[in-house]
Amino acid sequence: MSRKYLIAGNWKMNMSASESVDLISEINSLVGQQIHTQVCICPPFTSLQKSSSLVEQSEVHLGAQNMSSEPSGAFTGEISAGMLRDLYVTFVILGHSERREYFGESNQSINRKVLAAVENNLKPIYCIGETLEERESDQTLAVIKTQIYEGLANYPLSEVDNLVLAYEPVWAIGTGKTATNEMAQEVHAYVRKLLTDIFGDTAASGVRILYGGSMKPENAKGLLAQPDVDGGLIGGASLNARSFCSIVEAATGD
Ligand code: PEP
């Protein structure tokens, strides 16, 4: 099955609402009308409202970086899936390694968020990946397997079309170290095998698996050429419109 590339920018805790307007305007002018590669930007919550009016006239999609698994109520500081939908958010990054490391998120708590996202018509970008210690002790595939089985427990087959995975080796995030093309393909192929075991061949062959971890214009082409790499989740390089859009162009083949 042919899968459309998805290039998603994770802005993390960067960009005020007014700075976001400038960055989105530049992204819009560079890639806002192209439809070959799907583009998504994930600004901080405080920029979502302004961002949604800016991307409305373009092909750029809006994503959030996290959300609550709860629909509403006494959860101070949290943001629900319904609130995101109200701002025309379509994607939500869940289980990013920084959420796992600094905010105590587990496969189980992330699983509740993944299920809440799809119940509310949001497309989860579920992040998985091993630490350096895990890679060096040959545990990469075992860690990935547990993250997939626990994080996607009870995920409905009818919603597999809306699922996106992001393989992000923790040692490659924000470090300038990138997985080699072969290392990325090995894990991506394994992720697809696990998805096949869970959801069946046809459904699994349609799921996009993004690579994340120091992806930049210089290494994007090689990574995106791998058969099971269907796009990128971009951190640092997504804060510069030209770098981000060069990665989009690498995916599009320009
Ligand atoms: C990320 O945090 O999702 C990420 C991939 O970051 P970077 O591109 O900066 O490594």
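Counting begins at 1 with the first residue of the sequence. When a ligand or atom number is given, it counts from 1 through the structure's own listing order. These numbers come from a predicted model, not from an experiment.
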Ligand-side contact atoms (ligand 1) for residue partner Ser214, heavy atom cut-off under 4.0 Å: 7 (P), 8 (O), 10 (O)

Where ligand 1 meets Gly213 - atom numbers and elements under 4.0 angstrom, heavy-atom basis: 5 (C), 10 (O)

Atom CG of Leu157: over 12 foreign heavy atoms under 6.0 Å: yes

Location of contacts on Ile173 toward ligand 1, heavy atoms closer than 4.0 Å: both

Proximity of Ala172 to ligand 1 by residue part, where a heavy atom lies under 4.0 Å: backbone

Test ring-ring contact (aromatic ring centres under 6.0 Å, His included) applied to Phe244 - qualifying residues, sequence neighbours left out: none

For Trp11 against Gln65, the heavy-atom pair lying closest together: C-NE2, 3.9 Å

Return yes if a side-chain donor-acceptor contact under 3.5 Å exists between [X] and [Y], otherwise no.
X      : Y      : result
Gln33  : Glu59  : no
Trp171 : Glu133 : no
Thr178 : Ser214 : no

Asn66: which of Lys113, Glu98, Glu78 passes side-chain hydrogen bond (donor to acceptor under 3.5 Å, both in side chains): Lys113

N/O donor to acceptor pairs below 3.5 angstrom from side-chain atoms of residues 48-57, sequence neighbours left out:
| residue | atom | partner | partner atom | Å |
| --- | --- | --- | --- | --- |
| Ser51 | OG | Ser47 | O | 2.5 |
| Ser52 | OG | Gln49 | O | 3.0 |
| Ser53 | OG | Lys50 | O | 2.9 |

Could you tell me whether some N/O pair between [X] and ligand 1 is separated by less than 3.5 angstrom?
X      : answer
Thr175 : no
Gly236 : yes
Gly174 : yes

Nearest-neighbour protein heavy atom for [atom], which is reported as residue plus atom name and distance:
atom                   : value
atom 8 (O) of ligand 1 : Gly235 N, 2.8 Å
atom 3 (O) of ligand 1 : Glu168 OE2, 2.7 Å
atom 1 (C) of ligand 1 : His96 NE2, 3.2 Å

Non-hydrogen atom of Ala237 closer than 4.0 Å to ligand 1: no

